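Encoded as structure tokens, the structure appears first; notes follow it.
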Amino acid sequence: MEAATVKELYAEKEKYLNKKILVNGWVRTARPSKAFGFIELNDGSFFSNIQVVYDDKLENYNEVSKLITGSAIIVAGQIVESPGAKQPFELKAESIEVQGLSSPDYPLQKKRHTFEYLRTIAHLRPRTNTFSAVFRIRSIAAYAIHKFFQENGFVHVHTPIITGSDAEGAGNMFRVSILDFDRTPHNEKSAVDFTKDFFGKETNLTVSGQLEAETYCMAFSKVYTFGPTFRAENSNTPRHAAEFWMLEPEIAFAGLAENMDLAEAMLKFIVSYVLENTPEEMRFLNSFVDKSLLERLESMVESTFGHLTYTEAVDILKKSGQQFEYPVAWGIDLQTEHERYITEKHFGKPVFITDYPKEIKAFYMRMNDDGRTVAAMDLLVPGIGELVGGSQREERLGFLEKRMFELGLNKEDYWWYLDIRKYGGVRHAGFGLGFERLLMYLTGMTNIRDVISFPRTPKNAEF
RNA sequence: UCCUCGAUAGCUCAACGGUAGAGCAACCGGCUGUUAACCGGUAGGCUGUAGGUUCGAAUCCUACUCGGGGAGCCA
């Protein structure tokens, strides 16, 4: 007998109707009665379940009617039209083989659980509707990212996870070491002697692949890196994790305008691709997680992103008549409340803010002609805040060295980064996108711990 | 890290300082088309941890741990 996935059954109902097939899956719910029963079966291929109908003609009817949620079974039977209103067809079982019994203490029940509870059983939560939807969308969105860049001539660079440069000060880092913590070797200055460590120097988990990606950009013109990133910040918020995935494209012979166009085109592509390829998941999330999700995503694809400079943003905020907790003045970093006002209240759509004061931005951003702002851009989106942060990079060796000196960075530590300015350096730009932030935007989930399979946050590394 | 709220049965929640309860899940039974099925029954607890106040603490106080929300840092 031919096996079919639930996805295939829904995709080609006519082909399978009245045919005999095998379906594997896990019991989502069971509704037994005296001489017959129903099982909602999910095989993971598709968001929806298939309803299995069985009766006491089954050899192992007693065993089947006692099946507990979570059990794994193989059903052989016929696909028939369903008299029930909630499904177009159902599987009339001729035999049900029990592959793996569940247990009475199975933690997932036939009711809604809180996301907080489901986090404590992160190994089981992908079996729930919400997490099934979220993690299939995560997979599809990652694919959409690769598809977009590959089809636009970008080269995917795998930048290192263990890094020897304490790059760009993008937050505290996780040290990578094989030294014995109880007996660390010390040098003559009684500091820890990292020459005795595995790499012969201090190494850490990467906080960004950008600097390495820039070097490949100077060879391939258009590159992107997409992988795990680590920040040892004691951030206890629904938007931060210690381990998260970041996408960082980098384009040569291009400036800030091309950079923003790229970000806008990429985001619209990803959103469209997800809407097109996960309609069942999106419908579910729209009804149970965020009722404005579909409307927001669809209008984002249709919209033209707004553009304004930091200076203009400060003006808008000052003239807004709003009472902000943090008063607005040129030179301050925009606070969450400011960003939300701009993107949600003033524009009501995604908006790029450009040309920030150099003091609040990183050393590698290109100095503007005014000498006080840099060619940076942040993309703010309603509901999430900052989704993308990027800049045109400082390609002029003299400017870059001067800026590093002002910030007390050691030139020798960045010799290879400076080299690419020396040998055919050219204007280039790029941005970073927190993949989980994007997923929160795509799914309506409001906690980053619920869009990454096994979240790593302060005091939490279970699983 | 700061502010704030919370922690009671497997889950979701009740309980005036005076014997700890319900719904769901589990288990047992009933039910011939269910849709988080339905109906009846059984069992299930050192009230997050450690102290304190009190004749008496789930309830009041302190500390800690963990979790939610907000802020900072940031993606």
Side-chain angles (χ1 to χ4, degrees), chain A residues 28-40 48-56 65-66 68-70 80-87 90 92 102-121 124 128-129 168-172 206-210 226 228-248 288 324-326 333-337 339-340 360-362 378-381 384-390 431-441 446-452 457-460 462:
Chain A
R28 280 285 178 86
T29 73
R31 294 183 291 273
S33 56
K34 191 182 184 186
F36 67 96
F38 301 91
I39 289 174
E40 293 291 331
S48 304
N49 306 317
I50 183 167
Q51 175 167 277
V52 176
V53 195
Y54 62 93
D55 58 31
D56 55 7
S65 64
K66 288 193 161 68
I68 296 169
T69 311
V80 297
E81 305 255 10
S82 177
K86 297 219 173 172
Q87 56 279 324
E90 60 192 23
K92 190 155 175 39
S102 187
S103 165
D105 59 1
Y106 187 63
L108 293 173
Q109 298 171 18
K110 294 188 277 189
K111 66 167 192 175
R112 286 189 85 153
H113 286 104
T114 59
F115 291 148
E116 291 79 19
Y117 171 65
L118 291 171
R119 269 171 225 149
T120 68
I121 47 169
L124 298 173
T128 65
N129 285 332
E168 64 160 301
N172 296 318
T206 183
V207 293
S208 163
Q210 181 200 313
F226 180 32
T229 312
F230 308 86
R231 305 269 168 99
E233 297 289 346
N234 190 12
S235 296
N236 295 287
T237 86
R239 298 180 307 283
H240 294 83
E243 177 180 330
F244 63 99
W245 280 56
M246 189 150 66
L247 166 71
E248 295 172 290
F288 290 102
F324 293 112
E325 196 184 331
Y326 290 85
D333 207 352
L334 297 180
Q335 304 294 310
T336 304
E337 54 176 344
E339 294 182 344
R340 293 188 74 119
I360 57 174
K361 287 293 179 183
D378 283 358
L379 176 66
L380 310 181
V381 298
I384 299 287
E386 186 183 333
L387 185 59
V388 165
F431 63 82
L433 166 81
F435 187 48
E436 284 76 18
R437 297 265 174 96
L438 173 66
L439 283 167
M440 292 167 74
Y441 185 69
T446 52
N447 195 309
I448 196 169
R449 296 166 180 84
D450 298 327
V451 298
I452 188 164
T457 49
K459 302 274 186 281
N460 187 0
E462 193 62 59

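Note that this is a predicted model, so its numbers are computed, not measured. Letters A, B, ... mirror the listed sequences (proteins, then strands); counts begin at 1.
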Subject >> Strand RNA chain B in bracket notation, Watson-Crick/G-U under 3.5 Å with | for pairs to another chain >> reply: (((((((..((((....[..)))).(((((.......))))).....(((((..]....))))))))))))....

Among all residues two or more places apart in sequence or in another chain, which pass the salt bridge (Lys or Arg N to Asp or Glu O under 4.0 Å) test with [X]?
{"X": "D55(A)", "answer": "K57(A), K92(A)"}
{"X": "R28(A)", "answer": "none"}
{"X": "E40(A)", "answer": "R31(A)"}
{"X": "R119(A)", "answer": "D450(A)"}

For nucleotides 42-44 of chain B, which of its nitrogen or oxygen atoms have a protein nitrogen or oxygen under 3.5 Å away, and what is each distance?
none

Subject >> Residue list, ring-ring contact (aromatic ring centres under 6.0 Å, His included) with F36(A), at least two apart or on another chain >> reply: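 So F36(A) forms a ring-ring contact (aromatic ring centres under 6.0 Å, His included) with F38(A).
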
**OP:** Could I get the full list of ring-ring contact (aromatic ring centres under 6.0 Å, His included) partners for H113(A), not counting sequence neighbours?
**Re:**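 For H113(A), the residues satisfying ring-ring contact (aromatic ring centres under 6.0 Å, His included) (neighbours in sequence not counted) are Y117(A).
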
**OP:** Only counting residues at least two apart or in another chain, list the ones meeting side-chain contact (heavy atoms from CB on, under 4.5 Å) with F288(A).
**Re:**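 Result, side-chain contact (heavy atoms from CB on, under 4.5 Å) vs F288(A): R112(A), F284(A).
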
Pairwise N/O distances under 3.5 Å, protein to nucleotides 25-30 of chain B:
unit_1: A25(B); atom_1: O4'; unit_2: Q109(A); atom_2: OE1; d: 3.3

Atom pairs under 3.5 Å: protein N/O with N/O of nucleotides 4-6 of chain B:
none

Every protein N/O lying under 3.5 Å from an N/O of nucleotides 70-72 of chain B:
unit_1: A71(B); atom_1: O2'; unit_2: Y326(A); atom_2: OH; d: 3.4
unit_1: A71(B); atom_1: N6; unit_2: N236(A); atom_2: O; d: 3.4
unit_1: G72(B); atom_1: OP1; unit_2: Q335(A); atom_2: OE1; d: 2.4
unit_1: G72(B); atom_1: OP2; unit_2: T336(A); atom_2: OG1; d: 2.9
unit_1: G72(B); atom_1: N2; unit_2: N234(A); atom_2: O; d: 3.4

